[in-house]
Structures are given as C-alpha cells and as structure tokens.
Amino acid sequence: MKKLISFLRSYLGHVGAYFMFTMLVFILFSMAMGLPSDTFNTPLVWTSLLFSALVGVADYVFHVRFLGSYFVKLAIHGILCTVAFGVSFVALSGLIDRGKTGLFGILGFLIFYVFLAVVRGIYHAIADRSMSENEPYTNLYTPKNLDK
C-alpha cells in the first residue's frame, strides 16, 4: 500500500507541476498577444490537465532500465510528449481540421521541447560527470586479495 501511495504522490506531483507550467505558458502567451484576461477558458484548462496527465505518464520512461542511455530515454520521452501535445491540444481542440495550424502547433511544441531537452541533457551530463569524479577509482581487473 505504501508503494501505491508513493507512486500516486509522485505521479500527482508531476502532473501538478506540468499543469502549472502549461497554464503559466498560456497565460504569458495570452498576455503577450493582448488577449483579454478577464475570460476563463474552461476547455483550455481541461486540455491542459489532459496534457499534463499524459506527460506525467510519459515521465515513467526514465524508470525503464532496458532502454539504457539517458539520451535514448529523453528521445522517447520527447516523442511521447509530442504525441500527448498532439492528442490534447490539436486533435481534441479541433485544430486538426485546419491542417497547417495544428502542424505548426506541434512543430512549435517540438522546438520548445528540444530546447528544454538540450538544457536538461547538459545539466544531466554535468551532474553525472561531477558524481563520477567524487567516486573512488576501483580497478576491475586486479584481484583484491593478492596477499593470500
């Protein structure tokens, strides 16, 4: 039961963070475009929540061990997040009927994700390098008990 509660707490934390970030991006975008801020767009909130839930599920690709490299996991995560964006903001909002608008939305998201992935990858490489510098060197080829 503790593992289930821990899993749900972690998942809901991820979903909440993504939802907050998504809504912040849309609020800043609407302010930059000069859209009226006194309106509350309920469908945008629901599609943002769906997007956040799907990205929260996609985050668990980083826990899959057989994928190996962090950068492979990041690429798969990017594909899953792009699909989540396409499903929640393009397909369900009706932008898929307008063709180019939906495609430009997906490409815009993909460019934004690649930018964030580069920043995250650089941070991961630096953090991984600093962790490996702090570990003591162990020789794998020399037996440990040479005195016996």
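When all heavy atoms of Leu74 and Ala117 are compared, the closest pair comes out as CD2-O, 3.7 Å. Considering all non-hydrogen atoms of both residues, Ala53 and Val15 come closest at CA-CG2, 3.8 Å. Residues His77 and Tyr113 come closest through the heavy atom pair ND1-OH, 2.6 Å.
With rounding to the nearest 0.5 angstrom, the OG atom of Ser6 is 12.5 Å from the CE atom of Met1. Here the CD1-CZ distance, from Ile111 to Phe104, works out to 10.0 Å after rounding to the nearest 0.5 Å. The OH atom of Tyr18 lies 12.0 Å from the CG atom of Leu54; values are rounded to the nearest 0.5 Å.
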If you look only at distance, which donor and acceptor atoms sit under 3.5 Å apart when one is on a side chain in residues 79-91 and the other is two or more places apart or in another chain?
unit_1 : atom_1 : unit_2 : atom_2 : d
Thr82  : OG1    : Gly78  : O      : 2.8
Ser88  : OG     : Ala84  : O      : 2.7

Quiz: residues 64-72 side-chain donor-acceptor pairs under 3.5 angstrom, not counting sequence neighbours:
unit_1 : atom_1 : unit_2 : atom_2 : d
Ser69  : OG     : Phe71  : N      : 3.2
Tyr70  : OH     : Arg120 : NE     : 2.9

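Criterion: ILVMFWY side-chain heavy atoms under 4.5 Å apart, direct or through other members. Under it, Val119 and Ile122 are not part of a common hydrophobic cluster. Hydrophobic clustering (ILVMFWY, side-chain heavy atoms < 4.5 Å, transitive): Phe62 and Ile76 are in one cluster. Note: the hydrophobic cluster containing Tyr123 does not contain Phe112 (ILVMFWY, side chain heavy atoms under 4.5 Å, direct or indirect links). Tracing side-chain contacts under 4.5 Å through hydrophobic residues (I, L, V, M, F, W, Y), one reaches Ile126 starting from Val118; they form part of the same cluster.
Side-chain contact between Ser10 and Tyr60 is present, with at least one heavy-atom pair separated by less than 4.5 Å. Looking only at side-chain heavy atoms (C-beta outward), Phe19 and Val45 come within less than 4.5 Å of each other.
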### Message
The test is side-chain contact (heavy atoms from CB on, under 4.5 Å); show your working for Phe51 and Phe109 and say whether it passes.
### Response
CA-CA 12 Å; Phe51 171 71; Phe109 173 79; 3.7 Å; yes
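In summary, the aromatic rings of Tyr11 and His14 are positioned with their centroids too far apart to meet the 6.0 Å limit.
Taking Leu8 as the reference, Leu4 meet the side-chain contact (heavy atoms from CB on, under 4.5 Å) condition, with sequence neighbours excluded.
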